[in-house]
Amino acid sequence: MLEHRRSTLEGKYWGSLMPRATEIPILAVEDDAAIRRLLGAALKNSPFKLIEAETASEGIDALINRRPELMLLDMVLPDSDGVQIIKSVREWSQVPIIIMSARGEDYAKVTALEAGADDYVTKPFSVAELVARIQVALRHAAGRGSGQSEPILEVGDLTINVPAYEVHLGSERIHLTPIEFRLLVALAKHAGRVVTQRQLLNEVWGPEYNEEAQYLRVYVGYLRKKLEAKPGSPKRILTEARVGYRLAV
């Protein structure tokens, strides 16, 4: 069951969350009424306004007519499969989609992400985790809306100057090979979100390497050694077992 702690909903927790003059509409397409109630309670004092839909058809109608800025989507609905909904929506909309599902199998995650979902959380999940995923997805959507690629990517104290091919960790310059650099850029463009192995292989090496997961494991290992070399350094590249990788934010 969705973890609900009132302490995460009040005070500076929400005060630090993306200040905005108006509420941000979030659509939850979920057939479990208990989950919808918990989402509503969890987001009650947040900057988000929850729009509820019980079926896929209701969700599509809400997406068209109420124009939410993000969609939370259950994978199994009475009238459709989540993957089919993602593919249908992606034909005409780039609204961020976060999957909420009890299905934690690797295949289910990979299929949803490669169909066009932005992120995937497995039930049960904490309110704090879900809100963090929402924040990241909305930031990326805002970046896409600018119509420009970022010449400089910043993830915490990690700075990537794409045109100059330079990477700095704090004030220290980190020297990367061309493949390591391309891999880091691919992860940084989706920082905080899981990127599947196939997506990374396609972007860094090309589509002919889609099944060469061992290349990815080796170069992720190289990157970790360079980015996490100092004692006490936090983990920066997180593994989603058999699914892909996530650059921590």
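Note that these values count all heavy atoms, side chains included, but never hydrogens, waters or copies made by symmetry.
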If you round to the nearest 0.5 Å, how far is CZ of R103 from CE of M100? 14.5 Å
For a quick test of reading the model, state the closest non-hydrogen atom pair linking D79 to S57 and the distance between them. OD2-N, 3.0 Å
Could you go through the side-chain contact (heavy atoms from CB on, under 4.5 Å) check for Y245 and T196 one step at a time? CA-CA 7 Å; Y245 298 91; T196 68; over 6 Å; no
Report yes or no: do M75 and L77 belong to one cluster of Ile/Leu/Val/Met/Phe/Trp/Tyr joined by side chain heavy-atom distances under 4.5 Å? yes
Tell me, do V89 and I97 make a side-chain contact under 4.5 Å, heavy atoms counted? yes
Between K123 and F125, is any pair of side-chain heavy atoms under 4.5 Å apart? yes
Side-chain touch V29/E58, heavy atoms, less than 4.5 angstrom: no
How about NZ on K226, more than 12 heavy atoms from neighbouring residues, nucleotides or ligands closer than 6.0 Å, or not? yes
Intermediate values then yes/no, side-chain contact (heavy atoms from CB on, under 4.5 Å), E166 and H168: CA-CA 7 Å; E166 290 184 0; H168 286 84; 3.5 Å; yes
At what distance, to the nearest 0.5 angstrom, does CG of L227 lie from OG of S233? 8.0 Å
Taking NZ, NE, NH1 and NH2 as the nitrogens, is one of them in K49 or E69 under 4.0 Å from a carboxylate oxygen of the other? no
What distance separates I237 CD1 from Y219 OH, expressed to the nearest 0.5 Å? 14.0 Å
Out of the candidates I160, V167, L184, only one should pair with I174 under the side-chain contact (heavy atoms from CB on, under 4.5 Å) rule; please name it. V167
Please step through side-chain hydrogen bond (donor to acceptor under 3.5 Å, both in side chains) for the pair T239 and R224, ending with a clear verdict. CA-CA 11 Å; T239 301; R224 282 175 169 153; 2.6 Å; yes
Can you check side-chain contact (heavy atoms from CB on, under 4.5 Å) on L72 and L27, steps first, answer last? CA-CA 6 Å; L72 302 171; L27 171 64; over 6 Å; no
Shortest non-hydrogen contact between I51 and A62, atoms and distance: CG2-CB, 4.3 Å
Please verify the inter-ring angle class for H140 with H190; under 30° counts as parallel, over 60° as perpendicular, anything in between as tilted. parallel
Nearest 0.5 angstrom please: R133 CZ to L70 CG, how far? 12.5 Å
Heavy-atom distance under 4.5 Å between the side chains of P68 and L63, does that happen here? yes
Does any part of the side chain of I134, heavy atoms only, come nearer than 4.5 Å to the side chain of I26, both counted from C-beta? yes
With a 3.5 Å distance limit and no angle check, can you tell me whether E180 reaches the backbone of T177 through a side-chain donor-acceptor pair? yes
Please report the shortest heavy-atom distance between S93 and V95, naming the atom on each side. OG-N, 3.1 Å
Please report the shortest heavy-atom distance between R246 and R193, naming the atom on each side. NH1-CA, 3.4 Å
Sidechain-backbone polar pair: S88 side chain, I85 backbone, donor-acceptor under 3.5 Å: no
Please lay out, stage by stage, how Y215 and V204 fare under the test side-chain contact (heavy atoms from CB on, under 4.5 Å). CA-CA 10 Å; Y215 285 23; V204 177; over 6 Å; no
May I ask you to decide if A164's main-chain N or O and N161's side chain share a donor-acceptor pair within less than 3.5 Å? yes
With side chains defined as the heavy atoms from C-beta onward, is the minimum distance between E203 and L200 less than 4.5 Å? no
Here the pair of heavy atoms bringing A248 nearest to K235 is CB-O, 3.8 Å
How many angstroms lie between atom CH2 of W205 and atom CG of L216, to the nearest 0.5 angstrom? 5.0 Å
Indicate yes or no: does R66 engage D61 in a salt bridge with an N to O separation below 4.0 Å. no
Of the options L223, V185, L183, which is the one that meets L176 in a side-chain contact (heavy atoms from CB on, under 4.5 Å)? L223
Is it the case that one hydrophobic cluster holds both L138 and V127, taking links as side-chain heavy atoms less than 4.5 Å apart, direct or via other members? yes
Compare all side-chain heavy atoms of I99 with those of D119 and state whether any distance is below 4.5 angstrom. no
Quickly, which of K109, R198, R90, K87 forms a salt bridge (Lys or Arg N to Asp or Glu O under 4.0 Å) with E114? Name it, please. R198
Between V194 and L158, is there shared hydrophobic-cluster membership here, with clusters defined by ILVMFWY side-chain heavy atoms closer than 4.5 Å? no
Could you see if L201 belongs to whatever hydrophobic cluster contains L238? Use Ile, Leu, Val, Met, Phe, Trp, Tyr and a side-chain cutoff under 4.5 Å. no
Determine, for R36 against E30, whether the closest basic-nitrogen to carboxylate-oxygen distance falls under 4.0 angstrom. no
Atom CG in L73, atom OG in S101: separation rounded to 0.5 Å? 9.0 Å
Look at the side-chain heavy atoms of Ile, Leu, Val, Met, Phe, Trp and Tyr, link any pair under 4.5 Å apart, and say whether V220 and V195 land in one connected group. yes
Donor-acceptor side-chain pairing of Q197 and Q199 below 3.5 angstrom: no
Does the side chain of M71 come within less than 4.5 Å of I98's, by heavy atoms? no
Could you tell me whether D157 and R236 make a salt bridge, using a distance below 4.0 angstrom between a side-chain N and a carboxylate O? yes
Do you know which two heavy atoms are closest between A191 and V136, and how far apart they sit? O-CG1, 3.2 Å
